[in-house]
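Residue numbering restarts at 1 for every chain, and letters A, B, ... go by the order of the sequence lines.
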Amino acid sequence: MNVTLKVWRQSAGEKGRFERYEARNCNPNMSFLEMLDEVNEDLTNSGKEPIVFEHDCREGICGCCSLVINGEPHGPEYRVASCQTYMRSFKDGDVITIEPFRSKAFPVIKDLLVNRGAFDRIIQAGGFISVSTGSAPDANSIPVPKVSADLSMDAAACIGCGACVAACKNGAAMLFVSAKAAHLNLLPQGLAEKDRRVLAMVGTMDAEGFGSCSNTYACEAACPKGITVDFIAKLNRDYALASVRTKLLGTDVAA
Amino acid sequence: MTLNGNVPSGPLANQWSEYIRHSKLVNPANKRKFEIIVVGTGLAGASAAATLAELGYKVKAYCYHDSPRRAHSVAAQGGINAAKNYQNDGDSVYRLFYDTIKGGDFRARESNVHRLAEVSVNIIDQCAAQGVPFAREYGGTLANRSFGGAQVSRTFYARGQTGQQLLLGAYQALSRQIGLGAVQMFTRHEMLDLIVVNGHAKGIVTRNLADGEIKAHTADAVVLATGGYGNCWNLSTYGRQSNATAAWRAYKKGAFFANPCYVQIHPTCIPRSGDYQSKLTLMSESLRNDGRVWVPKRKEDCGKNPNDIAEADRDYYLERKYPSFGNLAPRDISSRAAKEACDDGRGVGPGGRGVYLDFSEAIQRLGKHKVEERYGNLFDIYKEITGEDAYQVPMRIYPAIHYTMGGLWVDYSLMSNVPGLFVLGEANFSDHGANRLGASALMQGLSDGYFVIPNTINNYLATQKEKRPAADSDAAVRAANEVRDGVKKLLAIKGKRTVSDFHRELGNLMWEKCGMARDKEGLEYALREIPKLREAFWRDVNVTGEGEELNQALEKAGRVADFLELAELVCKDALHREESCGGHFRSEHQTDDGEALRHDDKFAYVAAWEFKGVGTEPDLHQEPLNYEEVKLATRSYK
Ligand SMILES: Cc1cc2nc3c(=O)[nH]c(=O)nc-3n(C[C@H](O)[C@H](O)[C@H](O)COP(=O)(O)OP(=O)(O)OC[C@H]3O[C@@H](n4cnc5c(N)ncnc54)[C@H](O)[C@@H]3O)c2cc1C
Ligand code: FES
């Protein structure tokens, strides 16, 4: 099959534009990224610069790949990452638009590759359990109810790709932040610093320039890992409680 | 030259505690005067960087990803071993030690493996405390499953995403230290050289991948945790970015490379579908707990719908050949058995390069629901890639390059022969001998990072007060300039062939001549072809763009240039090792029934190679493997 691509190209300091390329003789069993690999081979052979896009594992787990395909983060298929999109999802003759994950908090570095460092800074602010190596008790000494462990795992499945932000008209990061908060807050091990965690992560999220959530649920629809907006509701509750408790008890959340 | 592993004396079981007892300590006030560079932030690097910072050292950490959370450790599915004996099924530190030694076909250093088994139990405690959502029983205790090469249930897991969850645990510990200012994190930075001053490792040169800036960074010690070199074969289960550059450039600066020919070919991967293929996807080995491997007994049946092939016409070859381990036979054995079945013309799927992994019996026994709960995400992955529903038809699988047991040589303290250079995780050669058991790499990476390096690096640092060179010292400036020249050279060629084209050709050659089965003739052929290919690369490669910007073609070119040198060493090592052991199968050395034949009298040693120039014969150093606890035996899984 043959398809036409309209690809966003942008170099450092430039405004950016769409360029048209032809992808010929695609095999339906090719992955979308393999199709781009072939286009890049053609571009290189004709002396042009290949299209820059982020990728690594190519099996939907590292969170590198980040393409908006025909207006949808990670493309047309439900619950898969860009790298798990296959050409069998398209038809011969299709015109396919490819853009980066756009958001104020994710500046474009080049072409389809953006800077998602803001996500790391949110985790650095509080997305962890403070337990230094060597200080842990025997793993079975704190039983974790299976339902809690399972729900925590549902939240922890987030791959940090940022599709939720790219899908949101406000550029909110609530799905990402709420998933990390839920992953840790749902476990007995994470309870001790739950309030600090939630306040610090939300504070950093705001400071990084992410928008606010207006409950459109576009994030959940775009998430390759099926993270649910229920976690956002939980985060709102945890945040309200943490704020109240901090006011009453003056817990030190800044340190 | 004979190499010494610097193993502590005394009985095996006491060596690690004795080592710690006699270690030099760095007092807390002095720790912050030492700077440590950690390259790589996968399981091994992130756990090391976090722990060293917790102890009070100043840490600078580097990765080429945009975030430490994306290291390829993230892709590990199946699980992590630990000798907890929570299942009360007879496990112990000794048994994990023994299984690992035996699984490695008696080519690993006993002392390291014993230490690994000892600290395995602390790893699970640490990870559970960090919030790793391990699978649980209804009573709230941890669940286990069994994995290849073991007859006890000692594998801990978090659905099919164990590596991701363990990495997130280490990443979060690292992030905490970054937030506290104890670790300075350099993402999108690729190490392109090691800085050696007076024979000691004292820094690295990096290229900032976002803007192309090349810079020297100095420190009191350098820790490499940069993963394995499986992409030398091009198609593999590794991430597309995984590469050998850090280890290889350290080798060229004097660090020995040990046992490069020991690579693991994983039996259960999705077979390739065409030339455009960029990677091979692993189906976790845990599937072999419930899936049954078979091919048709008759060649004529290979094209048929597998569901129409009668039970009596199927050859469950692993169960037939290895009745006591059956479908859980170790990886090297299972991979070779698949190759044999396909070589015999009984393979299935495109090109006859595939065997069935069948769940119909498990679905009948457990119900579809249970199978879905255990392996649902793997069945989903399979469907995404192949478009087939494995609940209805058996999966098709085929072996693929998966893990490299070889790597930079290290002694018991994980220090290479270059003082001050430590190597952790898959990048070192230390614990898996000639074959790694499933669920043991995650264990080793975290053991090295959380528990070993924090207790060994102090012995080196205690001797190194005020020896850190400045970032603008002669040695550092010279190293950075050499890297700049290397980049310019690549960009100046502007030939006719793409980097990927060379990578593909090298990969095919390595898979054919230095893959699942090797022989003298094939290896000699490869050793003639690789230098020619390398020469063609440096004459005719086309690296587009400039150096002072984000340039993925340039990144890839540097990595493939290194693979083109490493490949030659892999083949040399494979040719010199005139025996079969673990993942290294020399067709000339097999038993009458086709099993690997070791020659302990000649090859019970670690082969550590010293660089002498590109295209020049490397020097071989041998570290004898002295088995004091375990008796060398023929591995049997029958
Ligand atoms: C698909 C798959 C499934 C697996 N499943 C299991 C399993 O179930 N159980 C198990 O025990 N093992 C498993 N393994 C093996 C295991 O995952 C790896 O061996 C292990 O995670 C390697 O960890 P590491 O920290 O050594 O390296 P990696 O996780 O590969 O990390 C390497 C790091 O080094 C950085 N880096 C590399 N080179 C440079 C450079 N030049 N400059 C700067 N940074 C650099 C990278 O950015 C990255 O941060 C699996 C492997 C694969 C591929
Ligand atoms: S490339 Fe890793 S998730 Fe897509």
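Of all heavy-atom pairs spanning A:Glu54 and A:Val114, the tightest one is OE1-O, 4.0 Å. Contact detail for B:Gly545 and B:Leu491: the closest heavy-atom pair is O-CD2, 3.3 Å.
For a residue to count as touching a neighbouring chain, one of its non-hydrogen atoms must lie under 4.5 Å from one of that chain's; by this rule B:Thr237 touches chain A with the backbone only. With a 4.5 angstrom heavy-atom cutoff, A:Ala149 touches chain B via backbone and side-chain atoms both. Looking at A:Glu41, both its backbone and its side chain come within 4.5 Å of chain B, counting heavy atoms on both sides. At a 4.5 Å heavy-atom cutoff, the contact between B:Thr51 and chain A is made by backbone and side-chain atoms alike. Both the backbone and the side chain of B:Gln126 come within less than 4.5 Å of a heavy atom of chain A. Proximity to chain B is absent for every atom of A:Asp111, based on heavy atoms less than 4.5 angstrom apart. With a threshold of 4.5 angstrom between heavy atoms, B:Phe134 approaches chain A through N, CA, C or O but not through any side-chain atom. Only the side chain of A:Asp37 comes within contact range of chain B, with at least one heavy atom under 4.5 Å from a heavy atom of that chain. With a 4.5 angstrom heavy-atom cutoff, A:Asn27 touches chain B only via side-chain atoms. Proximity to chain B (any heavy atom under 4.5 Å) is restricted, for A:Ser135, to the backbone atoms N, CA, C and O. Only the backbone of A:Ile51 comes within less than 4.5 Å of a heavy atom of chain B; no side-chain atom from C-beta onward does. Looking at B:Ile124, the atoms closer than 4.5 Å to chain A (heavy atoms on both sides) sit in the backbone and in the side chain alike. If you measure heavy-atom distances from A:Arg88 to chain B, the contacts under 4.5 Å come from the side chain alone.
In this structure, A:Phe106 and A:Phe119 have perpendicular ring planes: the angle between them is above 60°, well past the 30° mark. Between A:His55 and A:Phe53, the angle of the ring planes lies from 30° to 60°, which puts this pair in the tilted group. Ring geometry for B:Tyr238 against B:His72 counts as parallel: the plane angle stays under 30°, on a 0 to 90° scale with 60° as the upper cut.
Note on A:Pro188, A:Ala125, A:Ala157, A:Gly126: by heavy-atom pairs under 4.5 Å with chain B, the leading option is A:Ala157. Note: B:Arg176 leads B:Arg176, B:Gln552, B:Glu384 in heavy-atom pairs under 4.5 Å with chain A. The choice from A:Leu184, A:Asn40, A:Leu187, A:Val144 that makes the most heavy-atom pairs within less than 4.5 Å of chain B is A:Val144. For the options B:Ile385, B:Val499, B:Val543, heavy-atom pairs under 4.5 Å to chain A are most numerous at B:Ile385. Ranked by non-hydrogen atom pairs under 4.5 Å with chain A, the options B:Gln130, B:Arg159, B:Glu137 are led by B:Arg159. Of the residues considered (A:Asp56, A:Ile109, A:Ile123), A:Asp56 shows the highest number of contacts with chain B, using heavy-atom pairs under 4.5 Å. Between chain A and the residues B:Ser175, B:Gly179, B:Pro454, the largest count of heavy-atom pairs under 4.5 Å involves B:Ser175. Note: A:His183 leads A:Arg121, A:Met35, A:Glu77, A:His183 in heavy-atom pairs under 4.5 Å with chain B. Contact count against chain A (heavy-atom pairs under 4.5 Å) is highest for B:Arg240 among B:Arg240, B:Gln161, B:Lys84, B:Met185. Residue with the most contacts toward chain B among A:Gln84, A:Met30, A:Lys110: A:Met30 (heavy-atom pairs, distance under 4.5 Å). Of the residues considered (B:Ala553, B:Gly163, B:Gly239), B:Gly239 shows the highest number of contacts with chain A, using heavy-atom pairs under 4.5 Å. When each of A:Leu186, A:Ile129, A:Ile142 is scored by its heavy-atom pairs under 4.5 Å with chain B, the top score falls to A:Ile129.
The backbone N or O of A:Pro107 sits nowhere less than 3.5 Å from a side-chain atom of A:Asn115 that would complete a donor-acceptor pair. No donor-acceptor pair under 3.5 Å is formed between the side chain of A:Arg58 and the backbone N or O of A:Cys65.
Enclosure of atom NZ in B:Lys494 by more than 12 non-hydrogen atoms of other residues, nucleotides or ligands within 6.0 angstrom is indicated. Atom CD of B:Glu548 is surrounded by 12 or fewer heavy atoms from other residues, nucleotides or ligands within 6.0 Å.
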_Verdict with reasoning, A:His74 to A:Phe32, per ring pair (Phe, Tyr, Trp, His ring centres under 6.0 Å)_ = CA-CA 10 Å; A:His74 290 313; A:Phe32 196 77; over 10 Å; no
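With respect to A:Lys48 and A:Glu19, no salt bridge is recorded, no charged nitrogen being found less than 4.0 Å from a carboxylate O. A salt bridge is absent between B:Asp275 and B:Arg504; no separation between the charged side-chain nitrogens and carboxylate oxygens falls under 4.0 Å.
Here the side chains of A:Phe231 and A:Asp154 are in contact, with some heavy-atom distance below 4.5 Å.
Both tests do not hold together for A:Arg9 against A:Tyr21: distance to the six-membered ring centre under 6.0 Å, angle to the ring axis within 45°.
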